[in-house]
Amino acid sequence: MSEKHTLIQKDFYRESGKWLSQFEIWAKCVNPNLHFIYILRKNQQYKRNSLLGAFWKLVLRHHQIKYGFQIYPETEIGEGFYLGHWGALVINPKAKIGKNCNIAQGVTIGQQNRGKYEGFPTIGNEVWIGTNAVVVGGITIGDNVLIAPNAYVNFDVPADSIVVGNPAKIYPKENATEGYINNKV
């Protein structure tokens with residue numbers, strides 16, 4: 001997609017499939033998911049020790065509590081980030097998330113403190129994570145992966161896969177996220 005669009009425009013494009021003006025973006029902020037993404041991206045835009053950085057940090061903290069999204073500005077999140085539903089969501093600030101990723105409510109993307117996969121997840125591009133899924137540890141989720149609702153994933157997942165269950169099982173699928181991830185940037 002065009003480099004002339006801002007990160008916020010790219011995130012909002014995922015929801016509407018249209019390139020929105022600043023006014024249209026503000027109008028869409030009645031949606032809690034988009035409102036939170038807007039605030040998160042604004043927070044990421046400014047240095048922490050600047051006046052605007054302090055302002056956006058305060059606004060973000062208020063909305064983390066209000067909406068139940070525990071996502072921090074330190075988290076590396078690619079363009080085209082999409083939160084499917086409003087509700088509890090926890091993402092460790094050291095996790096890395098690629099572009100065009102969808103994350104549903106109840107998801108935890110977290111740290112594992114011991115064992116073979118100690119650390120934080122790295123999630124590839126075009127990954128769809130379903131309701132109440134848990135992704136933990138120093139693991140890598142490849143591109144084009146669908147993680148089914150309620151799956152518990154604490155191991156590496158190759159690209160082009162569907163992950164189902166607890167304990168999770170991997171099923172290779174070339175077009176795993178087709179129809180799940182729309183309006184890609």
Which heavy atom in [X] sits nearest to a heavy atom in [Y], and how many Å separate them?
X	Y	answer
A104	L89	O-CD1, 3.8 Å
G80	D11	N-OD1, 2.9 Å
C101	G98	SG-O, 3.6 Å
N183	S16	ND2-C, 4.0 Å
I8	R41	CG1-CB, 3.5 Å
Y117	Q112	O-CB, 3.7 Å

So, do [X] and [Y] sit near enough that their side-chain heavy atoms are less than 4.5 Å apart?
X	Y	result
F120	I91	no
H63	F69	no
C29	F12	yes
H5	Y13	no
V163	V145	yes
I25	Y38	yes

- Message: Among N100, N33, I103, L7, which residue satisfies the side-chain contact (heavy atoms from CB on, under 4.5 Å) criterion with F81?
- Response: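 One option only clears the test, and that one is I103.
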[X], [Y]: one ILVMFWY side-chain cluster at the under-4.5 Å cut-off?
X	Y	value
Y152	I147	no
V90	W86	no
W26	F55	yes
I109	I71	yes
V59	L52	yes

Do any side-chain atoms of residues 123-144 form donor-acceptor pairs under 3.5 angstrom with protein atoms, and if so which ones, sequence neighbours left out?
unit_1: N125; atom_1: OD1; unit_2: K99; atom_2: N; d: 2.7
unit_1: E126; atom_1: OE1; unit_2: K184; atom_2: NZ; d: 3.1
unit_1: D143; atom_1: OD1; unit_2: N125; atom_2: N; d: 2.7
unit_1: N144; atom_1: OD1; unit_2: T177; atom_2: N; d: 3.1
unit_1: N144; atom_1: OD1; unit_2: T177; atom_2: OG1; d: 2.7
unit_1: N144; atom_1: ND2; unit_2: D160; atom_2: OD1; d: 2.8
unit_1: N144; atom_1: ND2; unit_2: E174; atom_2: O; d: 2.7

Output the distance between atom [atom1] ([X]) and atom [atom2] ([Y]), rounded to the nearest 0.5 Å.
X	Y	atom1	atom2	result
Q64	Q70	CD	CD	7.0 Å
Q105	L83	CD	CG	10.5 Å
E15	I37	CD	CD1	9.5 Å
N102	I97	CG	CD1	11.5 Å

Checking the side chain of [X] only, and the main-chain atoms of [Y] only, is there a donor and an acceptor separated by less than 3.5 Å?
X	Y	answer
N92	G110	no
Q9	L20	yes
Q44	T75	yes
R14	N182	yes

- Classify the ring geometry between Y67 and F36 as parallel (under 30°), tilted (30 to 60°) or perpendicular (over 60°). perpendicular
- Which pairs with one or both residues in residues 52-64 pass salt bridge (charged side-chain N to carboxylate O under 4.0 Å, His left out), sequence neighbours excluded?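 Those involving residues 52-64 do not exist here.
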- Charged N to carboxylate O below 4.0 Å: is that the case for K173 and E178?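 No.
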- Message: Does L51, at its CG atom, have more than 12 non-hydrogen atoms belonging to other residues, nucleotides or ligands within less than 6.0 Å?
- Response: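 Incorrect, the count does not exceed 12.
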